[in-house]
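Atoms considered below: every heavy atom in the structure, side chains included; atoms not considered: hydrogens, waters and symmetry mates. Remember, predicted model here, so these are calculated numbers, not experimental data. So that the names make sense, note that chain A is the first sequence line, chain B the second, and so on, each numbered from 1.
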Number of protein chains: 2
Amino acid sequence: MTQTRTRLERGRSALGPALALVHTGRAPTRAVLTAELGVTRATAGAVAAELEALGLIRVDSRPLGAAGAQGRPSHRLSIAPHGPVALAAQVHADGFRAALVGLGGQTVATAPGCMTVPADPAHVIDAVVEAGVRLLRETGRRCVGAGLAVPSAVAEPEGTALNPLHVAWPAGAPVRELFSRSLAAAGIRGDDGEPVTGFAGNDVNLAALAEHRHGAGGGAQHLLCVATGHRGVGGALVLDGRLHTGSAGLALEVGHLTVNPEGPPCHCGSRGCLDIEADPLAFLTAAGREPGPEVSLLQQARDLLREEYATAPSVRAATEQLIDRLGLGLAGLVNILNPDRIILGGLHRELLEADPERLRAVVAERSLWGRSGGVPILPCTLDHNSLVGAAELAWQPVLDDPLAALGVG
Amino acid sequence: MTQTRTRLERGRSALGPALALVHTGRAPTRAVLTAELGVTRATAGAVAAELEALGLIRVDSRPLGAAGAQGRPSHRLSIAPHGPVALAAQVHADGFRAALVGLGGQTVATAPGCMTVPADPAHVIDAVVEAGVRLLRETGRRCVGAGLAVPSAVAEPEGTALNPLHVAWPAGAPVRELFSRSLAAAGIRGDDGEPVTGFAGNDVNLAALAEHRHGAGGGAQHLLCVATGHRGVGGALVLDGRLHTGSAGLALEVGHLTVNPEGPPCHCGSRGCLDIEADPLAFLTAAGREPGPEVSLLQQARDLLREEYATAPSVRAATEQLIDRLGLGLAGLVNILNPDRIILGGLHRELLEADPERLRAVVAERSLWGRSGGVPILPCTLDHNSLVGAAELAWQPVLDDPLAALGVG
DNA sequence: TCACTTTGTGCCGACTCCAAACAAAATACG
DNA sequence: CGTATTTTGTTTGGAGTCGGCACAAAGTGA
């Protein structure tokens with residue numbers, strides 16, 4: 001069934017940017033697409049038609065809601081309802097997740113979460129891929145690629161996990177290679193018949209990417225994201241829509257900024273590092289609670305903050321202490337990176353929501369100029385943003401060059 | 001004298017990249033240019049001819065040195081000997097400098113340095129421009145633009161100096177506007193008859209840019225530059241050949257990284273900041289010397305280090321102390337930025353050269369992974385690199401789009 | 001001197017994309 | 001209810017780039 005496709009005569013170079021605009025919700029109509037791309041209506045029309053022919057977007061000639069504006073209504077652009085998906089997976093301290101994520105960051109299907117993490121990365125990754133295969137079979141969707149979020153720095157270009165402490169993997173585990181091999185063994189193939197490519201990235205990095213494209217980071221040019229999951233603190237920077245991972249993928253390892261010169265010594269050799277001053281364990285300790293083994297540290301800290309912040313002075317004091325420490329760390333990052341927006345995740349999000357004024361005041365006071373101090377600090381807004389970010393990795397080749405990535409032309 | 005130029009039929013988009021290659025010495029011949037641009041020989045030929053017609057480069061059909069290689073020798077590319085120049089200026093704690101800098105970072109003419117800095121920025125800038133006018137008149141060169149290096153963070157997009165403490169200017173002085181107005185008043189005009197554009201930037205930022213293009217930073221993708229001049233410590237980051245100045249020009253304010261948790265309090269509210277632990281005054285103090293008023297602190301520290309490092313134990317101890325502090329700061333930056341090269345300037349350069357092994361060991365030990373610790377740390381290699389970097393600012397529009405910048409076509 | 005290698009140049013054709021003219025679909029207004 | 005106006009979609013012609021190819025030029029090596 002070799003379907004004859006009309007050859008694209010114009011807008012080839014605008015194909016990727018156009019898809020990215022629809023993907024991030026910045027091009028609801030063809031008229032907006034024309035303006036955003038800076039091309040003629042003819043080119044935008046060809047681009048939209050080609051993306052529709054590729055099965056990626058839908059072009060609705062008949063707009064349902066009358067907008068009330070003058071002139072001929074523009075065609076509406078949306079994500080194709082049964083288009084291809086990316087396989088997204090996340091390994092975390094308490095298990096793993098897998099899902100299928102379409103364009104626009106929409107989760108199409110989710111696998112029941114698994115709650116055990118064997119120390120062997122190959123086993124976990126095989127299990128993740130198996131869950132993905134099941135989802136693909138159940139939904140019958142095409143797969144454009146796969147992304148894996150891990151709680152560890154991922155070295156580039158090797159794709160190895162450098163410090164996967166939370167999942168007790170050996171340092172330097174070749175996660176991307178394991179992932180790609182597992183995908184190939186499972187027979188997950190793209191439209192071109194080749195096994196899909198597997199990507200891997202740090203969970204906080206991917207969360208930042210997802211928030212930039214579909215969440216609270218929209219439109220930011222220099223987006224800083226800081227989050228704490230179970231232990232330690234992670235950071236990420238999205239510059240002009242691209243993850244900044246440094247020359248070897250190791251950037252934004254923000255856990256060892258000094259935020260309390262008189263604080264306890266850290267294993268890194270310094271003292272009072274952000275890692276041990278502003279994570280869930282630090283919060284529980286500061287509030288005088290003994291962490292229990294039943295649920296995750298993050299969950300315990302969250303519950304404590306939500307339930308006793310208003311009533312227990314020790315919890316309030318612990319909250320303020322962590323806000324001050326976190327604020328100091330953020331101020332240091334503001335001085336170095338000068339972001340135009342900051343997004344907080346994990347327990348840091350709860351700290352921000354508990355007392356946003358205090359955190360903003362600390363950052364403003366300790367960063368060097370009031371102007372930088374005025375940087376907006378927002379909570380993250382997406383559920384499972386690391387998972388969505390993992391899908392972004394897989395979608396990226398399609399966003400960069402749809403024709404090449406889908407093996408057409 | 002409207003000279004009839006043959007219209008450029010190909011290679012228009014490659015014009016800027018081609019000029020950048022010649023500018024940075026990466027395209028010595030037309031054959032190399034062809035390979036680096038990834039275009040056909042015909043296109044590269046048209047590009048080289050166009051740049052020659054613009055008076056920017058020279059194409060030598062007759063190669064002087066026979067390379068001994070087989071085949072037809074390629075035409076040699078070099079900077080046009082009497083081409084246009086950029087006006088470069090630098091204001092520092094002890095006075096100002098002005099020079100004309102051609103493509104390739106070559107200083108064409110230098111004004112005698114002036115050694116007084118009135119507190120009024122308008123006066124200094126007028127004096128700088130006056131020196132530039134004299135140089136332009138003496139040499140008869142065309143001027144493509146002007147750049148000014150100041151010892152202060154420069155806010156973008158306003159072009160205001162935020163903390164010009166060393167020159168006793170008022171905070172927020174609109175240096176770029178003063179510079180541009182002074183240039184226009186002095187009648188410095190480009191080929192198109194319009195007054196040339198004036199740019200302003202932080203001196204360390206511009207030094208980093210110059211080192212990346214013409215010095216020790218060549219080829220680095222993520223270049224970190226740290227330097228100390230008279231007081232305090234400055235930093236800069238060059239990402240993929242472009243200065244990274246953050247969202248408002250305030251990035252890389254590295255002076256307030258904590259490098260000595262037990263150190264003295266800093267005016268920023270923290271203690272043991274890099275600013276007060278690793279600048280020339282800190283060195284003199286650590287060596288037990290009283291700074292004198294006769295020459296600059298930098299000069300005193302340099303002289304002391306050069307002359308007494310080998311003989312005076314106190315100087316050696318002070319050197320090691322500052323190396324350890326600086327190393328800690330660099331390690332923090334490595335953890336956040338993950339550069340692939342570090343260049344040190346000012347007194348930090350001397351510290352590196354006094355004991356390179358110690359500094360590298362400290363950075364490797366305190367940055368999180370040995371791989372990052374293995375980042376090369378080099379001394380800067382250019383004389384007056386801030387001045388050359390100021391010229392780079394002025395050259396940038398020409399490097400981006402030669403035809404548009406020179407008002408042709 | 002001739003074969004070989006590498007580079008420079010002219011010409012053709014393919015590929016993009018803008019500009020302009022025209023068609024279509026809504027609102028505004030009499 | 002019909003016409004003018006506004007805005008958008010579509011078609012067509014033509015111009016601007018640039019790769020590919022053939023050929024010329026300028027060296028080296030035998």
Side-chain angles (χ1 to χ4, degrees), chain A residues 5-18 21-22 27-53 57-77 401-404 408-409, chain B residues 5-18 21-22 27-53 57-77 401-404 408-409:
Chain A
R5 296 178 5 85
T6 58
R7 224 187 34 72
L8 182 68
E9 283 189 358
R10 56 207 303 167
R12 182 166 197 141
S13 68
L15 220 48
L21 285 169
V22 179
T29 68
R30 242 192 62 176
V32 174
L33 181 68
T34 304
E36 290 288 320
L37 290 177
V39 298
T40 58
R41 292 199 296 270
T43 301
V47 165
E50 178 70 18
L51 291 176
E52 187 172 37
I57 73 170
R58 186 171 57 174
V59 182
D60 285 326
S61 323
R62 303 286 175 76
L64 298 184
Q70 263 196 2
R72 175 176 174 176
S74 187
H75 292 182
R76 295 166 72 101
L77 303 178
D401 188 341
L403 291 179
V408 183
Chain B
R5 296 179 5 87
T6 59
R7 227 188 33 72
L8 183 69
E9 283 189 358
R10 56 207 300 165
R12 182 167 196 139
S13 69
L15 220 48
L21 286 169
V22 179
T29 68
R30 242 190 62 175
V32 174
L33 181 68
T34 304
E36 290 288 322
L37 289 177
V39 299
T40 59
R41 291 199 297 272
T43 301
V47 165
E50 178 70 15
L51 291 175
E52 188 173 35
I57 72 170
R58 187 172 57 177
V59 182
D60 284 325
S61 320
R62 302 285 174 75
L64 298 183
Q70 267 196 355
R72 174 176 176 177
S74 187
H75 292 182
R76 294 166 71 101
L77 304 178
D401 187 341
L403 291 180
V408 183

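With rounding to whole Å, A/Leu15 atom CG is found 14 Å from C/dC17 atom C1'. Residue A/Glu9 contributes atom CD, which lies 11 Å from atom P of D/dT12 at whole-angstrom precision. Atom NE2 in A/His75 sits about 17 Å away from atom P in D/dT7, given to the nearest Å. Summarising the geometry, the separation between CG on B/Leu37 and P on D/dG19 is reported as 10 Å, rounded to the nearest angstrom. Distance, A/Glu52 CD to D/dT10 P: 10 Å, rounded to whole Å. In this structure, A/Arg76 atom CZ and D/dT8 atom P are separated by 14 Å, rounded to whole Å. Rounded to whole Å, the distance from CZ on B/Arg41 to P on D/dA24 is 15 Å. Between the P atom of C/dA25 and the CG atom of A/Asp60 lies a distance of 15 Å, rounded to the nearest Å.
Between B/Val32 and B/Ser74 the shortest side-chain heavy-atom distance does not fall below 4.5 Å. Here the side chains of B/Leu33 and B/Leu77 are in contact, with some heavy-atom distance below 4.5 Å. A heavy-atom distance below 4.5 Å is found between the side chains of A/Thr40 and A/Arg10.
Scanning both residues, B/Arg41 and B/Arg30, for their nearest heavy atoms gives O-NH2, 3.5 Å.
Set against D/dA26, C/dT16, C/dC18, the side chain of A/Arg12 has C/dT16 as its closest nucleotide.
Between the side chain of B/Arg10 and the base of D/dG19, at least one donor-acceptor pair of N or O atoms lies under 3.5 Å. No donor-acceptor contact under 3.5 Å links the side chain of B/Arg72 to the base of C/dT6.
B/Ser61 has no side-chain polar atom (N or O) that falls below the 4.0 Å cut-off from OP1 or OP2 of C/dG8. OP1 or OP2 of D/dG9 lies within a sub-4.0 Å distance of a side-chain N or O belonging to A/Arg30. Checking the phosphate oxygens (OP1, OP2) of D/dT17, no side-chain nitrogen or oxygen of B/Ser13 falls inside 4.0 Å. Remark: B/Ser74 is in phosphate contact with C/dG8, judged by side-chain N or O atoms under 4.0 Å from OP1 or OP2.
In this structure, A/Asp60 CG and A/Thr29 OG1 are separated by 12.0 Å, a value rounded to the nearest 0.5 Å.
For the pair A/Gln70 and B/Ala31, nearest-nucleotide mapping onto DNA chain C gives the more 5' position to B/Ala31.
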